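Computed over heavy atoms, backbone and side chain alike; hydrogens, waters and symmetry mates excluded. Fair warning: this is a prediction, and the values are worked out from it, not measured in the lab. So that the names make sense, note that chain A is the first sequence line, chain B the second, and so on, each numbered from 1.
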Amino acid sequence: MTKQELSKAYDFKSTEQRIYAMWETGGYFKPHNDPNKPDFDPNVKPFTISIPPPNVTGELHIGHAMFVSIEDLMIRYHRMKGFSTLWVPGSDHAGIATQLMVERDLLKTEEITREELGREKFIERTWEWKKKYGGMITNQIRRLGASCDWDRERFTLDEGLSRAVREAFVRLYEKGLIYRGPRLINWSPGLKTAVSDLEVEYSEENANLYYFKYMIKDDGKGGSRSALTEEFIPVATIRPETILGDTAVAVHPEDERYKKFIGRTAIVPILGREIPVIADEYVSMEFGTGALKITPGHDANDYAIAHRHNLPIISMLDQSAKVNENGGKYQGQDRFEARKNLWAEMKAAGLVIKEEPYLTTIPRSQRGGEIIEPMISEQWFVKIESLGKAGLDAVKDGRIKIVPERFEKVYFNWMENLKDWCISRQLWWGHRIPVWYCPENHMTVTREDPTQCATCGSQELTQDDDVLDTWFSSGLWPFSTLGWPDETPDYKYFYPTSYMETGYDILFFWVARMIMSGLEYTGEIPFHTIYLHGLVRDEHGHKMSKTKGNVIDPLIVMDDFGADALRFTLLVGSTPGNDTNVGLKKVEANRNFANKIWNVGKFVINAIDSLTPSPLPEGEGQRGEGWSLADSWIWAKLQRLIRDVERQFQNFQYGQAGQQIYDFIWSDFADWYVEAAKSQMQNEEQRLQTVKTLTRVFDICLRLLHPFTPFITEEVWGHLRGAILESPISNLAKDWSPMLITAKFPEPREPEGWEESKIADFELIQEIVRSIRNLRAEKNISPKERLAVIFSAGEKTELLKDQLQMMASLSNLDLSLLSFQESSQEKPADYEPRVVRTATGSVEIYVKPPTILDMSVNISAGKFRLEAELNIAVSQIERLENLLGSDFANKAPAALVQKERDKLNGYKETAEKIKSQLM
RNA sequence: GGGCGCUUAGCUCAGUUGGUUAGAGCGCUUCGUUUACACCGAAGAAGUCAGGGGUUCGAGUCCCUUAGCGCCCA
């Protein structure tokens with residue numbers, strides 16, 4: 001059978017889709033131990049992740065690429081470790097975001113508003129929109145290689161999940177943990193809905209501070225002519241229009257300036273309404289004028305003060321932040337327009353003192369950025385105290401662990417200061433609040449749609465207009481996606497889930513709410529580990545934004561460099577909880593890495609193909625007689641790598657693990673072992689062993705790397721497996737799975753004791769080879785020139801003699817012109833000397849220049865080099881002698897001290913030899 | 001106001017029980033097309049690990065402190 005030709009460079013374009021289809025159609029993304037199947041074994045450990053559901057109509061951005069890469073890595077690792085692995089995919093209906101998108105589209109294409117269309121029709125249209133675009137994001141996630149079980153895909157508005165939402169709401173209601181009432185909430189005038197505290201962002205902005213007079217009404221004691229005295233309290237405000245809603249003026253009880261006014265009556269400018277002057281310790285005597293206007297309907301602090309003093313609460317803005325009937329003649333004006341006009345009128349009335357620029361924090365909507373208006377509004381709330389306590393304890397007592405740990409503190413701080421959660425939104429797209437009202441205004445709250453009022457039996461029921469905050473349903477995600485409230489096989493086996501992986505920016509929004517919901521509804525923690533990743537920024541650490549034009553589109557990046565390159569870039573060099581800077585240069589470098597793997601693979605496969613059929617060799621698995629130094633070295637380094645990678649995975653140090661695998665493959669395996677193998681394979685008796693080592697090491701590399709770069713590793717591994725199975729060493733692959741995705745992840749082994757000395761020996765060979773190559777570079781000796789060399793290697797003589805062929809091959813020496821001599825012998829004339837330090841001594845190398853060189857240039861250059869090396873040796877000797885003369889010798893571990901002693905000897909010997917060469 | 005993070009080579013960043021001469025990618029210099037790879041190879045230059053103090057035989061790593069930058073909460 002003819003061997004297939006592998007292309008010169010790795011072609012991810014022809015690979016990724018094909019490989020993904022093989023995985024998906026082959027059922028590899030499904031848990032191998034499925035609780036819905038008859039052969040289910042409850043003793044097999046599951047590993048479960050619920051995907052952070054992206055907005056159903058969203059488009060893939062770099063943040064998605066980040067979490068998909070990390071979660072797929074976690075999943076693939078555990079799958080290869082033998083866990084029954086389930087990654088539940090899905091998407092979020094994303095109330096506001098989706099509704100806005102559809103509204104915008106309707107306006108653009110049909111010039112129709114949602115109000116004109118009506119609620120029912122609008123929701124229909126939104127479902128159509130969802131059907132049309134809902135698959136886009138999940139297909140884009142597939143391109144990244146995500147190994148989700150797509151048959152278990154969920155959507156927050158699905159029937160099942162809607163039932164979960166209903167169940168959750170009713171349970172909370174029945175426990176008295178949900179209530180409805182007028183409260184001061186954050187109102188978004190543009191969206192015309194309430195938003196939660198978390199959805200408000202505060203930014204420092206330049207504003208004006210307006211100073212004006214709050215005139216004091218004559219109390220009849222002064223005997224003046226008019227109702228107004230000339231007395232006033234100066235007050236400062238950022239938002240003068242809220243004067244229309246003032247219900248008091250507050251001063252500090254100890255404030256000497258204003259004490260006399262306490263209990264008297266002030267007159268609201270223009271409106272003429274009478275309001276009391278009150279005393280409250282909340283008022284800061286230092287800030288502004290030291291007196292505070294109280295607008296309980298539009299300010300959270302004022303609201304609190306009003307409650308303490310039993311003040312009336314006036315709303316003076318309507319839903320679009322226009323002044324309402326309480327604003328007198330300003331009714332109908334926009335809040336900013338009213339600000340201007342009222343101020344002008346006050347100025348005319350002589351009530352204005354001054355205005356000055358002022359830096360203040362402005363509350364803005366997280367979505368859209370418009371200024372949020374605190375307003376009194378009838379909303380639904382969740383009593384958070386008991387939920388929060390449970391959520392706090394779960395992390396405090398270690399049932400849930402957060403990676404990195406420092407976020408636990410952030411979590412505690414937030415959980416200890418929770419406020420009731422406003423869960424109603426004045427939107428149409430979402431889970432409608434399952435509360436019905438009869439004409440008597442009795443509330444009926446049930447799991448099934450009611451036909452009559454639970455109180456009076458009236459059949460005239462209307463459902464509450466509001467929908468639930470999107471986060472209410474996503475808070476149920478880890479269990480609602482598994483079938484809850486039903487005790488489905490999936491729910492029983494896969495819940496609680498394992499890791500929750502997401503960005504730290506939604507720790508409060510989502511993670512905290514899942515914990516509270518999970519504990520409340522299922523009585524269990526929803527996951528035992530939270531892994532938080534950072535934000536992805538551009539290569540200079542700036543936030544990506546369309547206006548800045550520095551957005552990296554993962555789809556384009558994948559088109560240009562492949563999904564593996566993007567994944568590897570995101571995974572390596574990022575650390576948990578820290579933001580990551582990503583530039584295309586890095587992606588390009590990792591594309592090159594994929595190509596490197598491809599080409600190493602080609603080399604290994606060619607080597608396998610070149611084997612001639614022969615009887616099967618004996619003694620698989622363990623290190624045997626036939627192992628060369630290079631074989632032992634690469635094997636020992638590989639085992640060390642496996643141990644390191646295992647440790648890094650346990651510690652969530654994925655980036656570090658990826659980096660080490662990269663370094664091993666490129667710097668150890670490709671740069672050195674493959675080159676050594678070329679030399680070894682020229683000996684017929686070493687050939688088989690060499691190919692076996694190439695094969696086994698490369699196989700393990702691909703397995704280690706697979707969670708990072710699944711496509712290239714799967715593709716190459718497939719070729720590798722095919723080549724092995726058709727070769728004399730087919731037994732190496734006899735128990736391999738058909739695809740790498742379910743192959744066993746390498747298990748770490750304890751060192752056997754021989755490793756360190758083999759590594760040291762090989763490293764000496766590397767040093768010698770480097771030294772000779774360096775000499776070539778310095779002397780301008782062509783790499784083609786075969787050199788004659790004399791070694792003076794002392795106790796390392798036997799080692800070098802053993803490795804002559806390999807050294808000769810790696811540094812192009814003339815095997816027939818290599819010789820050894822004792823160090824004490826007279827050094828060879830006209831040879832260029834070099835000294836390489838070993839662990840405990842040194843090796844001298846004398847290279848015979850191939851032709852007559854310009855000695856004046858080259859000798860001085862050589863001398864310069866030797867002198868520099870001597871200087872290094874001398875300073876190291878000094879350093880080490882100091883070190884060994886200090887307390888270090890007594891207190892440091894003996895092995896470490898010995899190591900430093902050896903090193904000192906090495907430098908001493910090296911220095912001596914260099915000196916003799918310089919003479 | 002409280003809390004957290006960052007500051008390591010020209011650029012972007014790794015560096016987790018404290019222990020070789022502090023690493024990588026990109027960039028830079030020189031050389032090179034030897035049957036895996038020019039998406040490559042070889043050799044090389046480049047860092048007082050932000051400043052100061054402390055603990056320790058030993059600190060980029062632990063503690064304190066100062067400064068700059070960034071984020072979160074109020």
Side-chain angles (χ1 to χ4, degrees), chain A residues 6 8-10 197-198 201-202 361 404-407 409-410 412-414 416-417 504-505 507-508 534-535 537-543 561-562 565 569 572-607 610 647-648 651-653 655-656 658-660 662-663 666-667 670-671 674-675 677-678 694 769-778 780-784 809-812 837 839 872 875-876 879-880 883-893 895-897 899-900 902-903 907:
Chain A
L6 297 179
K8 199 160 175 179
Y10 170 56
D197 293 343
L198 279 175
E201 287 172 348
Y202 296 85
T361 49
E405 206 180 311
R406 65 187 146 88
F407 279 99
K409 217 168 155 181
V410 180
F412 295 150
N413 185 270
W414 192 72
E416 280 160 1
N417 296 289
Y504 64 74
D505 52 328
L507 178 61
F508 307 142
L535 270 42
R537 300 169 176 280
D538 78 1
E539 59 189 323
H540 298 294
H542 300 122
K543 238 181 181 164
F561 300 111
T569 304
V572 171
S574 73
T575 35
N578 282 3
D579 293 353
T580 316
N581 297 358
V582 171
L584 290 182
K585 283 280 182 200
K586 286 188 194 174
V587 188
E588 191 182 356
N590 290 324
R591 186 269 318 258
N592 295 351
F593 178 49
N595 192 52
K596 191 74 184 180
I597 295 163
W598 178 255
N599 277 292
V600 172
K602 265 169 62 184
F603 177 84
V604 175
I605 288 164
N606 287 341
S610 73
R647 185 169 42 83
Q648 328 261 35
N651 294 329
F652 305 93
Q653 303 286 312
Q656 203 56 21
Q659 187 64 53
Q660 287 201 17
Y662 177 103
D663 289 341
W666 204 314
S667 307
D671 286 350
V674 164
E675 294 307 318
K678 287 177 184 171
L694 278 170
V769 168
R770 276 197 199 101
S771 179
I772 295 169
R773 287 173 178 170
N774 171 270
L775 186 144
R776 267 184 207 278
E778 274 182 9
N780 262 329
I781 301 171
S782 157
K784 285 180 178 164
S809 157
L810 293 176
S811 44
N812 198 24
R837 191 172 57 85
I872 291 171
S875 70
Q876 287 296 328
R879 184 184 71 85
L880 289 164
L883 181 66
L884 290 164
S886 72
D887 248 5
F888 173 80
N890 308 322
K891 297 195 175 175
L896 205 66
V897 176
K899 217 169 163 185
E900 298 300 318
D902 290 345
K903 211 189 296 171
Y907 277 115

**Q** Output the rounded distance in Å from CG (A/Leu883) to P (B/rA59).
**A** 11 Å
**Q** Taking atom types as they are modelled, would you say the side chain of A/Arg591 forms a donor-acceptor pair with the base of B/rC39 within the 3.5 Å cutoff?
**A** yes
**Q** Run the side-chain hydrogen bond (donor to acceptor under 3.5 Å, both in side chains) test against A/Asp887 and tell me which residues pass, sequence neighbours left out.
**A** A/Asn890
**Q** Not counting sequence neighbours, list each pair that qualifies as a salt bridge (charged side-chain N to carboxylate O under 4.0 Å, His left out) and has a residue in residues 574-584 of chain A.
**A** A/Arg537-A/Asp579
**Q** For B/rC40, does either OP1 or OP2 sit under 4.0 Å from a side-chain N or O belonging to A/Lys8?
**A** no
**Q** In the structure shown, which nucleotide is the Watson-Crick or G-U wobble counterpart of B/rU34, with both distances under 3.5 Å?
**A** none
**Q** Would you say that A/Val674 contacts A/Lys678 through its side chain, given a criterion of any heavy-atom pair below 4.5 Å between the two side chains?
**A** yes
**Q** For B/rA24, does the base pair up with any side-chain atom of A/Gln660 as donor and acceptor (N or O, under 3.5 Å, distance only)?
**A** no
**Q** Would you say a side-chain N or O of A/Thr575 is under 4.0 Å from OP1 or OP2 of B/rA14?
**A** yes
**Q** Rounded to whole Å, please give me the gap between CZ in A/Phe603 and P in B/rC37.
**A** 10 Å
**Q** Taking OP1 and OP2 of B/rG44, is either one under 4.0 Å from a side-chain nitrogen or oxygen of A/Asn774?
**A** yes
**Q** Other residues, nucleotides and ligands only: do more than 12 of their heavy atoms fall within 6.0 Å of CD on A/Glu405?
**A** no
**Q** Rounded to the Å, how far apart are A/Phe508 CZ and B/rG3 C1'?
**A** 11 Å
**Q** Write down the distance separating the P atoms in B/rU8 and B/rA45, rounded off to the nearest Å.
**A** 23 Å
**Q** State whether A/Lys678 places a side-chain N or O below 4.0 Å from either non-bridging phosphate oxygen (OP1 or OP2) of B/rA36.
**A** yes
**Q** Does B/rG19 have a Watson-Crick or wobble partner in any strand here, with both distances under 3.5 angstrom, and which is it?
**A** B/rC57
**Q** Between the base of B/rC4 and the side chain of A/Lys409, is there a donor-acceptor distance below 3.5 Å?
**A** no
